[in-house]
Amino acid sequence: MLEIKNLHVKLADEDRVIINGLNLKVEAGEVHAIMGPNGSGKSTLSYVLSGREGYEVTEGSVTYKGEDLLAMEPDVRAAKGVFLAFQYPIEIPGVATMQFLKVALNSQKKARGEKELSTPDFMRLVKERAARLNISPDMLKRPVNVGFSGGEKKRAEILQMAVLEPALCVLDETDSGLDIDAMRVVADGVNSLRSPDRAMIVITHYQRLLDYIIPDQVHVLSHGRIVKSGDKSLALELESRGYAEFAEEAA
Amino acid sequence: MNVIVPKTAAELNYGLSLPHRKMEDWRWTDLRQLIDRPYPPRQTVIASTKDVGRLLKSSPFAKVAGTRMVFVNGHYSAEHSQLKNEHLASRVKIDEPVINMNAAFATDGARLKISDTADTPVELLFISTNADPRTIATRNVIEIEKGASATLIETHLGEGAYLSNSVTEISVGEGARLDRVKAELEATDAIHLSHAEFTLSKNTVLNDFTLTSGAKTNRQNGTVEFKGQGTDAKISGAFMLGGKQHADTRLMIDHQVPRCTSRELFKCVMDDHARGIFQGKVVVQRGAQKTDGKQSSHALLLSETAEFDAKPELEIFADDVICGHGATSGDLNHDHLFYLMSRGISASDAKSLLIAAFVGEAFDVIVHEGIKEALVKFSNKWLSEHRREA
């Protein structure tokens with residue numbers, strides 16, 4: 001589904017290189033965890049995959065379902081099934097969450113040449129998905145992420161994911177700022193979306209999220225490249241030994 | 001030393017001096033320059049039924065208003081109105097260029113007294129039909145009596161090149177409430193000059209909103225005088241301007257008595273070469289303690305050539321007050337745009353959504369749902385006409 005080859009990324013207005021020869025292959029149905037110390041390039045990878053401005057790809061390629069992902073605008077990527085759950089979801093005053101979800105879903109459907117959802121069908125879909133994530137109807141009436149607590153923001157991201165049903169989900173530090181109960185709700189939401197035709201990249205600093213979302217593969221990112229890959233036991237190993245050895249190895 | 005400035009053709013025609021940029025209140029809107037030809041006043045123009053019908057229908061509030069008072073080319077039209085025009089005396093005697101012009105040339109105007117609760121909105125509709133350039137001046141006197149409440153819409157529409165001058169005096173009696181919405185949707189070749197004078201008695205509520213989207217040149221003055229304690233006034237506005245439109249709003253909020261609240265919020269969207277100006281002054285007079293007054297103006301510039309000027313002023317002569325002002329100006333937030341696009345919304349749809357949200361904040365002062373919906377519809381239409389690809 002996704003193949004990243006020798007990816008090099010620098011900041012657009014600075015000479016700082018963030019991703020430095022990254023290779024990664026993710027197949028449908030798989031869950032990959034990417035772990036690494038602060039500053040290793042985890043968030044940059046998520047932004048490059050979703051098409052945020054401010055980054056420049058100097059070398060390498062990202063192929064998604066056989067197409068050049070990097071050539072697509074963010075909205076085109078989304079319509080083709082790429083979804084980023086933001087580490088810091090953006091607050092958008094004046095745009096009601098419900099309206100936002102509806103415009104987003106129907107924009108994607110339109111771009112794919114599918115039939116748009118009627119308002120009653122859409123409402124049913126959202127209410128059903130929201131209930132599973134303990135999201136109140138009142139929250140859906142509020143402007144996107146405005147006045148939401150940290151936990152509410154993360155749950156709202158997972159709700160968007162559940163409504164938009166993407167093929168490739170990138171979760172950027174979805175566990176940050178969550179207490180253990182909130183993390184369980186979020187992880188349940190993510191697990192319910194696991195399916196043979198959906199892939200997930202779970203970016204996290206800590207191992208604890210991976211107790212709930214069990215990955216097929218774990219990669220260690222350091223200085224912008226993957227320095228070690230393994231199965232879920234690698235995450236536990238990192239938890240006990242820390243990132244120190246990888247930081248030195250790459251330096 | 002006095003410099004003799006030769007009179008312009010318009011000034012000679014009017015027999016009046018026009019304000020110019022050397023006058024502080026008019027520094028951005030030099031009417032000596034902007035009124036670039038004579039617009040003869042008091043012209044009689046007979047409008048065709050077809051023209052009037054078309055303009056009547058083009059009001060965004062055609063389906064919202066319960067009753068209407070219609071003025072065609074500066075004269076009350078009983079034929080198109082459902083309310084009788086009463087006789088109320090005008091009281092405003094301020095030496096102000098817009099009012100002076102109005103005093104000299106006004107031909108007619110709404111005289112409206114509301115004594116109980118007017119549940120359905122009343123629309124005052126001023127339409128100008130296409131004819132030779134001319135000045136159309138109207139003077140309205142509106143009285144909301146003690147304990148009464150009303151929703152008023154004031155709509156200005158037209159076709160062709162004309163100058164419309166509108167002065168409205170509004171008094172809100174003790175314990176009364178007024179929700180007022182003004183829509184300035186004049187023809188693209190028109191000049192719109194207006195002055196609204198509010199006098200608020202004790203324990204009144206005023207919610208006022210002005211949409212400014214028509215005319216090539218627009219200057220709107222508003223004065224709000226707090227005459228009785230416990231009064232609450234919210235004055236909001238939205239500019240939606242494109243082309244070479246010029247809109248200058250000057251507000252004067254005059255707290256004369258203690259314990260009143262005033263809020264001003266202006267959201268201004270400017271595209272192309274449009275220029276928006278907001279001059280807001282809050283005065284707290286001696287003894288007007290416990291005044292709570294805040295004003296803010298925010299501009300969204302959709303092009304490199306659009307411009308916004310803000311001049312907030314506070315004049316406070318009391319020591320126990322809360323007053324503040326703020327002004328911002330900028331383009332759309334890129335993080336907001338990216339977030340919307342990352343969910344599959346196209347760049348142009350994302351922009352429209354964000355702009356609509358930006359101006360929509362100013363609509364929040366409007367209580368009547370039907371009017372609010374009509375304005376949202378108008379702003380979406382404006383956005384679809386001004387949208388451009390990313």
Side-chain angles (χ1 to χ4, degrees), chain A residues 12 46-55 72-97 99-112 114 116 143-146 153 156-157 159-161 163-166 169-170 172, chain B residues 209 236-240 265-269 296 298-300 302 326 328 330-366 369 372-373 375-377 379-380 382-384 387-390:
Chain A
S46 74
Y47 289 144
V48 170
L49 292 178
S50 55
R52 192 175 196 145
E53 59 185 27
Y55 302 96
M72 299 174 201
E73 289 294 319
D75 56 317
V76 178
R77 298 180 195 204
K80 288 187 186 281
V82 178
F83 181 92
L84 166 66
F86 284 61
Q87 182 181 4
Y88 303 109
I90 311 276
E91 298 185 6
I92 307 186
V95 179
T97 304
Q99 181 200 10
F100 159 69
L101 280 171
K102 188 167 180 229
V103 175
L105 181 62
N106 281 336
S107 295
Q108 291 199 12
K109 286 190 174 288
K110 208 170 134 194
R112 293 193 292 258
E114 294 167 13
E116 293 179 31
V144 179
N145 292 320
V146 177
K153 282 181 183 170
E157 291 290 290
L159 172 67
Q160 292 175 33
M161 199 163 100
V163 169
L164 299 172
E165 301 182 314
C169 309
V170 182
D172 187 7
Chain B
F209 171 83
S236 282
F239 289 8
M240 299 190 90
L265 175 66
F266 279 72
K267 305 287 286 219
C268 309
V269 180
S296 64
H298 304 284
L300 188 55
L302 301 180
T328 61
D331 67 357
L332 286 170
N333 182 311
H334 286 230
D335 288 340
H336 292 178
L337 268 178
F338 172 66
Y339 191 75
L340 295 177
M341 287 180 73
S342 79
R343 299 310 185 228
I345 301 170
S346 71
S348 62
D349 283 350
K351 282 184 182 176
S352 296
L353 212 54
L354 292 176
I355 300 166
F358 174 86
V359 284
E361 243 185 284
F363 300 166
D364 286 346
V365 71
I366 301 161
E369 283 303 323
K372 204 189 269 187
E373 270 167 39
L375 287 166
V376 168
K377 215 166 135 191
S379 91
N380 288 338
W382 188 91
L383 284 166
S384 69
R387 70 188 286 149
R388 57 165 65 96
E389 300 310 311

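First the proteins, then the strands, lettered A, B, ... as listed; each starts at 1.
Rounded to the nearest 0.5 Å, atoms CZ (R343(B)) and CD (E157(A)) are 4.5 Å apart. How far CG of D335(B) is from CD of E53(A): 8.0 Å, rounded to the nearest 0.5 Å. Atoms CD1 and CZ, on I345(B) and F100(A) in that order, are 5.5 Å from each other to the nearest 0.5 Å. From S50(A), atom OG reaches atom CE of M341(B) across 11.0 Å, with rounding to the nearest 0.5 Å. Atoms CG and CG, from D75(A) and D349(B) in turn, are 9.0 Å apart once rounded to the nearest 0.5 Å.
Within 6.0 Å of NZ in K110(A) there are 12 or fewer heavy atoms belonging to other residues, nucleotides or ligands.
Y339(B) is listed as a side-chain neighbour of N145(A), based on a closest heavy-atom distance under 4.5 Å. Contact of the H336(B) side chain with the V144(A) side chain is not registered, since no non-hydrogen atoms from C-beta on lie closer than 4.5 Å.
Both the backbone and the side chain of R52(A) come within contact range of chain B, each with at least one heavy atom under 4.5 Å from a heavy atom of that chain. When heavy atoms are compared at a cutoff of 4.5 Å, I90(A) approaches chain B by way of both its backbone and its side chain.
If you tally non-hydrogen atom pairs under 4.5 Å between each of A78(A), G94(A), P74(A) and chain B, the highest count goes to P74(A). In terms of heavy-atom pairs under 4.5 angstrom with chain B, the leader among K80(A), E73(A), E91(A) is E91(A).
Heavy atoms only, all atoms of each residue included: P93(A) and A357(B) are closest at O-CB, 3.6 Å.
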